[in-house]
Enquirer: 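Take this structure, written in structure tokens, and hold onto it; I'll ask about it next.
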Amino acid sequence: MKELLDMNRIPQHIAIIMDGNGRWAMERGKDRSFGHQAGVDAVRRITSECTRLGVKFLTLYTFSTENWNRPADEVAALMGLVLTSLEDEIFMKNNVRFRVVGDRSRIPDTVNKKLAETEEHTAKNDAMTMVVALSYSSKLELTTATKQIAQEVKEGKLDVNSITEETINERLWTNFMPDPELLIRTGGEIRISNYLLWQIAYSELYFCDTYWPDFMEEDLHKAIYSYQSRQRRFGKTEAQVEAEEKK
Ligand code: IPE
Ligand code: IPE
Ligand code: MG
């Protein structure tokens, strides 16, 4: 499959909803946390493969604000995993910069400290940026940006008539990255679950049944191949897009 990929048209930003850890574990008669642990191995595998392919941003949905409602032991296990799996060495070896997006106020201090340290230590790495969406909610991100804009208008720092899409982009947690060209969801559900609603306005969507711990390099190649097989029209006609491509 990898041989079929057009290396000149690798998406620069891939976003993934890593779903299916719990079901993967249950099918093996294990605790859900065992699935999350296996999910970390998949993160390592897919991150390395993305750097090899030349992807520039990889955004991983790791924990949603809605996930705070899960049983306390599962939440604790997940936070523990975040702490133990953030190894500087792996980021340095792969020249990967680490960033977090989400509502940091709800994350425990010890975890926040580790996140900040990893962001700082890896800030100069430039092969790829791995963005972890943690305690993330797209609606909360948009609400926060809206409040900020309202405040700036109230204080006379911003003119209502000058507000553009860019004004909003700049106030989102994701303001340092381009929109994803490709969004992948593993685990069989066909929904977005409050992820990057604004940013995926024109992303290509790819859903697969594979549980996240089983997601292999080959599955990533399949998703990218599917992306490359589609014509992105951005509202234009097929003929218009073809004419532009010939130029
Ligand atoms: C995704 O796997 C990881 C998180 C939401 C933290 P799930 O834990 O949702 O796995 P399933 O969907 O229950 O199988
Ligand atoms: C979405 O998965 C969030 C993450 C993958 C972190 P969920 O398993 O929480 O989504 P729903 O509840 O099935 O929509
Ligand atoms: Mg799930």
Side-chain angles (χ1 to χ4, degrees), residues 13-47 50 57-86 98-108 110-112 114-115 118 129-144 172-174 177 180 182-200 203-216 219-220 223:
H13 181 180
I14 300 179
I16 307 184
I17 301 174
M18 310 183 289
D19 199 19
N21 294 351
R23 282 165 286 161
W24 182 90
M26 301 300 269
E27 282 180 11
R28 283 161 180 77
K30 306 258 186 177
D31 192 68
R32 293 178 55 85
S33 304
F34 182 74
H36 298 313
Q37 176 72 59
V40 173
D41 297 332
V43 167
R44 299 233 161 94
R45 194 157 68 223
I46 297 307
T47 304
C50 282
F57 291 86
L58 175 66
T59 307
L60 302 171
Y61 204 3
T62 306
F63 193 87
S64 67
T65 53
E66 290 78 14
N67 289 147
W68 287 115
N69 299 322
R70 289 198 179 188
D73 61 336
E74 185 173 341
V75 171
L78 279 161
M79 289 301 138
L81 265 184
V82 171
L83 266 184
T84 53
S85 57
L86 283 178
F98 174 79
R99 292 291 303 261
V100 184
V101 291
D103 177 10
R104 305 279 275 252
S105 71
R106 294 181 76 177
I107 300 173
T110 44
V111 178
N112 255 330
K114 180 78 186 169
L115 296 172
T118 311
T129 302
M130 176 211 205
V131 186
V132 165
L134 195 66
S135 189
Y136 179 86
S137 150
S138 185
K139 285 194 171 184
L140 179 64
E141 178 182 38
L142 286 162
T143 307
T144 307
L172 296 177
W173 296 325
T174 55
M177 57 185 182
L182 172 62
L183 170 73
I184 299 171
R185 181 173 187 142
T186 66
E189 308 297 354
I190 317 288
R191 57 174 170 255
I192 300 299
S193 304
N194 207 359
Y195 195 40
L196 304 175
L197 300 175
W198 168 276
Q199 299 88 337
I200 60 167
S203 303
E204 296 299 329
L205 310 181
Y206 181 88
F207 297 93
C208 66
D209 290 334
T210 312
Y211 292 145
W212 176 247
D214 286 332
F215 196 78
M216 297 293 156
D219 299 298
L220 175 71

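Keep in mind that the numbers below use all heavy atoms, side chains included, and drop hydrogens, waters and symmetry copies. Atoms within each ligand, like the ligands themselves, are counted from 1 in listed order.
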Enquirer: With a cut-off of 4.0 Å, which atoms of ligand 2 are near a heavy atom of Arg185?
Expert: 2 (O), 10 (O), 11 (P), 13 (O), 14 (O)
Enquirer: State, with a plain yes or no, whether a side-chain heavy atom of Glu189 is found less than 4.5 Å away from one of Ile17.
Expert: no
Enquirer: So if I count the atoms of ligand 2 from 1 in the order they appear, which ones are less than 4.0 Å from some heavy atom of Arg191?
Expert: 11 (P), 13 (O), 14 (O)
Enquirer: Contact between Ile14 and Tyr206 at the side-chain level, heavy atoms closer than 4.5 Å - yes or no?
Expert: no
Enquirer: For the residue pair Met18 and Ile46, establish whether any side-chain heavy-atom pair is separated by less than 4.5 Å.
Expert: no
Enquirer: For the side chain to side chain contact (heavy atoms under 4.5 Å, CB included) test, which of Ile192, Leu197, Leu196 pairs with Asn194?
Expert: Leu197
Enquirer: Evaluate the side-chain proximity of Met216 to Asp219: yes if any heavy-atom separation is below 4.5 Å, no if none is.
Expert: yes
Enquirer: Is any side-chain heavy atom of Tyr61 closer than 4.5 Å to one of Asp19?
Expert: no
Enquirer: Within less than 2.8 Å of the Mg ion (ligand 3), how many protein N/O/S atoms are there?
Expert: 1
Enquirer: Sub-3.5 Å donor-acceptor pair from the side chain of Thr62 to the main-chain atoms of Val132, do we have one?
Expert: no
Enquirer: Mind checking the CE-CD spacing from Met177 to Gln199? Nearest 0.5 Å is all I need.
Expert: 6.5 Å
Enquirer: Between Trp198 and Ser138, is any side-chain donor less than 3.5 angstrom from a side-chain acceptor?
Expert: no
Enquirer: With no hydrogens and no angle check, is any side-chain donor or acceptor of Ser135 less than 3.5 Å from a backbone partner on Asp103?
Expert: yes
Enquirer: Check ligand 1 for N or O atoms under 3.5 Å from a protein N or O and list each pair with its distance.
Expert:
from, atom 1, to, atom 2, distance (Å)
ligand 1, 2 (O), Asp19, OD1, 3.4
ligand 1, 2 (O), Gly20, N, 3.4
ligand 1, 2 (O), Asn21, N, 3.3
ligand 1, 8 (O), Arg32, NH2, 2.9
ligand 1, 8 (O), Arg70, NH1, 2.7
ligand 1, 9 (O), Asp19, OD1, 2.9
ligand 1, 9 (O), Arg70, NH2, 2.9
ligand 1, 10 (O), Gly20, N, 3.4
ligand 1, 10 (O), Asn21, N, 3.2
ligand 1, 10 (O), Gly22, N, 2.9
ligand 1, 12 (O), Asp19, OD1, 2.8
ligand 1, 12 (O), Arg23, NE, 3.4
ligand 1, 12 (O), Arg23, NH2, 2.9
ligand 1, 13 (O), Arg32, NH1, 3.1
ligand 1, 13 (O), Arg32, NH2, 3.0
ligand 1, 14 (O), Gly22, N, 3.3
ligand 1, 14 (O), Arg23, N, 2.7
ligand 1, 14 (O), Arg23, NE, 2.7

